[in-house]
Amino acid sequence: MLTAAYSAATAKDRSTALELLDAAQEETARPDAAVPGLFTVDATRTQVDTYRISVLNALGTPDEGVSVARRIDIDSIPSLERRARAWTDVARMWHALRDDRKTFDALRRVEQEAPQEVRRPALRALTVDLLYSPVRVPGVREFAARTGALPA
């Protein structure tokens with residue numbers, strides 16, 4: 001349901017995307033929802049919320065993700081890859097909302113979780129945007145050089 005919700009969001013089908021997220025959230029409340037070893041994605045409210053941020057970004061409504069981002073504990077996600085992905089989506093959300101400081105904070109969290117991830121072209125481009133933003137954020141230039149967004 002979570003992957004389907006994201007697919008619907010990328011197709012700009014808001015109602016289907018949100019219906020699927022809500023259905024997935026309902027599933028997390030079922031007592032038999034967590035079956036260890038059966039699923040590759042944890043059936044938890046936190047996992048649904050991380051997808052919700054991705055979906056809202058894809059729908060072009062990142063402002064709706066702010067309250068979601070504030071309530072989730074990304075550090076509680078057991079998978080390193082999923083934590084890095086969650087922080088990536090939070091960075092994208094803040095970037096879309098033009099909050100450079102929060103964007104940079106989230107990018108640094110991505111780097112802490114999975115340093116190779118901030119070297120991906122999409123995140124390097126986001127870092128370059130921060131670098132040339134009218135808002136000066138301390139540490140961005142060093143981060144950009146360290147992550148390959150700025151030639152050494």
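Predicted, not measured: the structure shown is a model, and the values here were computed from it.
With rounding to the nearest 0.5 Å, the separation of CG in L123 from CD in Q116 is 11.0 Å. Between R120 atom CZ and T147 atom OG1 the span is 12.5 Å, to the nearest 0.5 Å.
A salt bridge links R14 to E64: at least one charged side-chain nitrogen sits closer than 4.0 Å to a carboxylate oxygen. A salt bridge links D89 with R92: the distance from a Lys NZ or Arg NE/NH1/NH2 to an Asp or Glu carboxylate oxygen falls below 4.0 Å. Between R108 and E111 no salt bridge is recorded (no basic side-chain N to carboxylate O distance below 4.0 Å). We find that R45 and D49 are joined by a salt bridge, their nearest charged nitrogen and carboxylate oxygen being less than 4.0 Å apart.
By the criterion of side-chain heavy atoms lying less than 4.5 angstrom apart, applied directly or through intervening Ile, Leu, Val, Met, Phe, Trp or Tyr residues, I74 is grouped together with L97 in one hydrophobic cluster. L126 and V128 fall within the same hydrophobic cluster, where Ile, Leu, Val, Met, Phe, Trp and Tyr residues are linked whenever their side-chain heavy atoms come under 4.5 Å apart, directly or through other members.
Side-chain N or O atoms of S76 include one that pairs as donor or acceptor with a backbone N or O of D73 at under 3.5 Å. Between the side chain of S133 and the backbone N or O of D129, no donor-acceptor pair lies under 3.5 Å. Between the side chain of D100 and the main chain of R136, no donor-acceptor pair closer than 3.5 Å is present. Under a 3.5 Å cut-off, the side chain of T28 and the backbone N or O of T44 do not form any donor-acceptor pair. Within the 3.5 Å criterion, the main-chain N or O of R82 finds a donor-acceptor partner in the side chain of S79. Proximity of a side-chain donor or acceptor of K12 to a complementary backbone N or O of A58 within less than 3.5 Å is detected. Side-chain atoms of R109 do not come within 3.5 Å of backbone N or O of W87 as any donor-acceptor pair. Without hydrogens or angle criteria, R83 side chain to I77 main chain gives a donor-acceptor distance under 3.5 Å. Side chain of R119 to main chain of A149: no donor-acceptor pair is present (N/O by atom type, distance under 3.5 Å, no hydrogens or angles).
L107 is not listed as a side-chain neighbour of H95, based on a closest heavy-atom distance of 4.5 Å or more. Taking 4.5 Å as the limit, every side-chain heavy atom of V118 sits out of range of all side-chain heavy atoms of R124. Side chains of Q25 and R52 form a contact here, defined as non-hydrogen atoms less than 4.5 Å apart. L2 places a side-chain heavy atom less than 4.5 Å from the side chain of L21.
Here the closest non-hydrogen pair linking I72 and T50 is CD1-CG2, 3.9 Å. Smallest separation of non-hydrogen atoms from M1 and L20: O-CB, 3.8 Å. Between A17 and V55 the shortest heavy-atom distance is CB-CG1, 3.9 Å. Taking each heavy atom of A69 and M93 in turn, the nearest pair found is CB-CE, 3.7 Å. Shown here for R85 and S54, the closest heavy-atom pair between the two residues is NH2-OG, 4.3 Å. Closest of all the heavy-atom pairs between P62 and N57 is CB-OD1, 3.4 Å.
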Open item on the list: Between V66 and I53, does the side-chain contact (heavy atoms from CB on, under 4.5 Å) criterion hold? Intermediate values first, please.
Closed with: CA-CA 8 Å; V66 172; I53 293 168; over 6 Å; no
Task: CA sep, side-chain torsions, deciding dist, call: E113, E81, side-chain contact (heavy atoms from CB on, under 4.5 Å) - done: CA-CA 8 Å; E113 297 294 345; E81 179 269 332; over 6 Å; no
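Annotation: cation-pi pair R141/F143 absent, no NZ/CZ under 6.0 Å from the ring centroid and within 45° of its normal.
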